[in-house]
Amino acid sequence: MTRREFLKYVFAITGGAAMLPMSLSAASAEEKVLPWTPPIYKRFLQFTEYVERPGTEYIVIHHTGFPNEDKDSTAVAIHKYHQEVNGWAGIGYQYLIRKDGMIEQGRRPEMIGAHAYQNNQKSVGVCLAGNFDIGKPTAAQIDAVKELTAWLCLKYGLNSMKKGVIVGHRDLNDTSCPGDNLYRRLGEIRYAAANRK
């Protein structure tokens, strides 16, 4: 007898058989089981406030874009900067991709970010560390952003090839972000996300 059969038997004896399908369907509706997940390092950052995002319709790609310097950054450093200098609740992006391809979680994924003015309610912000107006994203960063966007599209039921689903920050606001050297690779990122199995 399998564990599942045993549980059904126990529920039937105790009169809980009618509750089992409802419990299972409620759990599956709340938590979508994905076939794979990229390695995402959680930093457990402290925020001053959180507001839950009502939905997810698109992914916004950014670069850190520090002036005159193509440097690596950490989620912790950006979190501190966004709190102390910008006066925000904390890091504005849900994810940061380091130069070595490490994906760090910033703001909790289900919460509204602070990364694309008037476009945060239904978007996820993915930032790559560097200034891609003067430098180029590393091969590890490109691999990681492809993996992450594919997973996000799967998680939220998005079609990466549909116009407006994976966009650069400049598509929404008056900015050069995510830099020319990353922006020109968005088509490649969309295609990779669509074809990840």
Side-chain angles (χ1 to χ4, degrees), residues 30-53 55-56 58-66 69-86 88-116 120 122-132 135-158 160 165-169 177-179 181-182 185-186 188-190 192-197:
E30 289 175 16
E31 194 173 310
K32 186 176 181 181
V33 178
L34 301 174
W36 52 273
T37 302
I40 298 170
Y41 297 89
K42 296 183 180 178
R43 297 300 181 219
F44 303 102
L45 306 169
Q46 297 298 312
F47 289 79
T48 57
E49 64 182 56
Y50 263 141
V51 179
E52 195 162 342
R53 203 170 60 252
T56 306
Y58 50 104
I59 301 163
V60 185
I61 306 296
H62 301 264
H63 69 165
T64 51
F66 288 103
E69 192 174 6
D70 178 33
K71 67 176 188 173
D72 200 10
S73 299
T74 66
V76 171
I78 294 171
H79 179 70
K80 183 177 179 183
Y81 181 87
H82 282 180
Q83 281 187 329
E84 295 177 2
V85 178
N86 294 4
W88 297 351
I91 185 170
Y93 319 107
Q94 279 85 3
Y95 301 97
L96 173 74
I97 301 176
R98 307 277 306 277
K99 291 282 191 188
D100 64 1
M102 177 189 288
I103 303 168
E104 295 184 324
Q105 182 181 300
R107 195 167 290 225
R108 282 180 31 210
E110 68 275 14
M111 299 302 172
I112 295 174
H115 58 89
N120 295 308
K122 294 190 176 180
S123 68
V124 173
V126 174
C127 184
L128 280 68
N131 181 334
F132 303 125
K136 293 182 179 179
T138 66
Q141 283 180 305
I142 292 297
D143 288 345
V145 76
K146 287 176 180 177
E147 186 84 355
L148 180 59
T149 54
W151 179 73
L152 290 169
C153 285
L154 185 63
K155 180 177 181 177
Y156 295 113
L158 304 175
S160 68
V165 170
I166 297 178
V167 298
H169 187 189
C177 181
N181 293 323
L182 177 53
R185 299 193 71 175
L186 291 186
E188 174 187 341
I189 292 165
R190 291 181 189 109
N195 289 282
R196 173 68 162 87
K197 303 296 180 204

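Everything numeric here is computed off the predicted structure, so don't read it as measured data.
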Rounded to the nearest 0.5 Å, what's the gap from CG on Asn86 to CD1 on Ile78? Could you check? 11.0 Å
Would you check if Cys153 and Ile59 make a side-chain contact, meaning some heavy-atom pair closer than 4.5 Å? yes
For the backbone of Cys177 and the side chain of His169, can you confirm whether one donor and one acceptor N or O come within less than 3.5 Å of each other? no
CA sep, side-chain torsions, deciding dist, call: Leu148, Ile40, side-chain contact (heavy atoms from CB on, under 4.5 Å): CA-CA 9 Å; Leu148 180 59; Ile40 298 170; 4.2 Å; yes
Roughly how far, to the nearest 0.5 Å, is the CG atom of Asp100 from the CG atom of Asp72? 6.5 Å
Who are the side chain to side chain contact (heavy atoms under 4.5 Å, CB included) partners of Thr74, not counting sequence neighbours? Val76, Ala77, Arg98, Glu104
Taking atom NZ as the centre, does Lys136 end up with more than 12 heavy-atom neighbours from other residues, nucleotides or ligands that are less than 6.0 angstrom away? no
Without swapping roles, check the side chain of Glu147 against the backbone of Pro39 for a donor-acceptor pair under 3.5 Å. no
Test side-chain contact (heavy atoms from CB on, under 4.5 Å) applied to Leu182 and Ile189, step by step: CA-CA 10 Å; Leu182 177 53; Ile189 292 165; 4.2 Å; yes
Just verifying a value: how many Å separate Asn195 CG and Lys146 NZ, rounded to the nearest 0.5 Å? 10.5 Å
Using salt bridge (Lys or Arg N to Asp or Glu O under 4.0 Å) as the criterion, list what pairs up with Glu69, not counting sequence neighbours. none
Heavy-atom donor-acceptor pair, Asp70 side chain to Asn131 backbone, under 3.5 Å: yes
Between the main-chain N or O of Ala193 and the side-chain N or O of Thr149, is there a donor-acceptor pair closer than 3.5 Å? no
Considering all heavy atoms, the nearest Trp36-Trp151 contact: O-CD1, 3.1 Å
With sequence neighbours excluded, tell me which residues meet side chain to side chain contact (heavy atoms under 4.5 Å, CB included) with Ala144. Ile97, Ile103
Going by side chain to side chain contact (heavy atoms under 4.5 Å, CB included), name the residues that satisfy it together with Phe47, two or more places apart in sequence or in a different chain. Leu45, Tyr50, His79, Ala89, Ile91, Arg107
The side-chain contact (heavy atoms from CB on, under 4.5 Å) partner of Arg185 among Val145, Ile61, Ile142 is Ile142
If I compare all heavy atoms of Arg43 with all of Ala75, which pair ends up nearest, and what's the gap? CG-CB, 4.4 Å
Got a second to check how far Trp88's CH2 is from Tyr81's OH, nearest 0.5 Å? 9.0 Å
Do Pro137 and Phe132 touch side chain to side chain, with heavy atoms closer than 4.5 Å? yes
Checking Ser73 side chain against Ala129 main chain: does a donor-acceptor pair fall under 3.5 Å? no
Applying side chain to side chain contact (heavy atoms under 4.5 Å, CB included), name anything that partners Arg53, two or more places apart in sequence or on another chain. Thr56, Gln94, Ile112, Val124, Tyr156
Keeping the roles fixed (side chain from Thr64, backbone from Gly130), state whether a donor-acceptor pair exists under 3.5 Å. yes
Can you name the residues that form a ring pair (Phe, Tyr, Trp, His ring centres under 6.0 Å) with Tyr93, not counting sequence neighbours? His62, His82
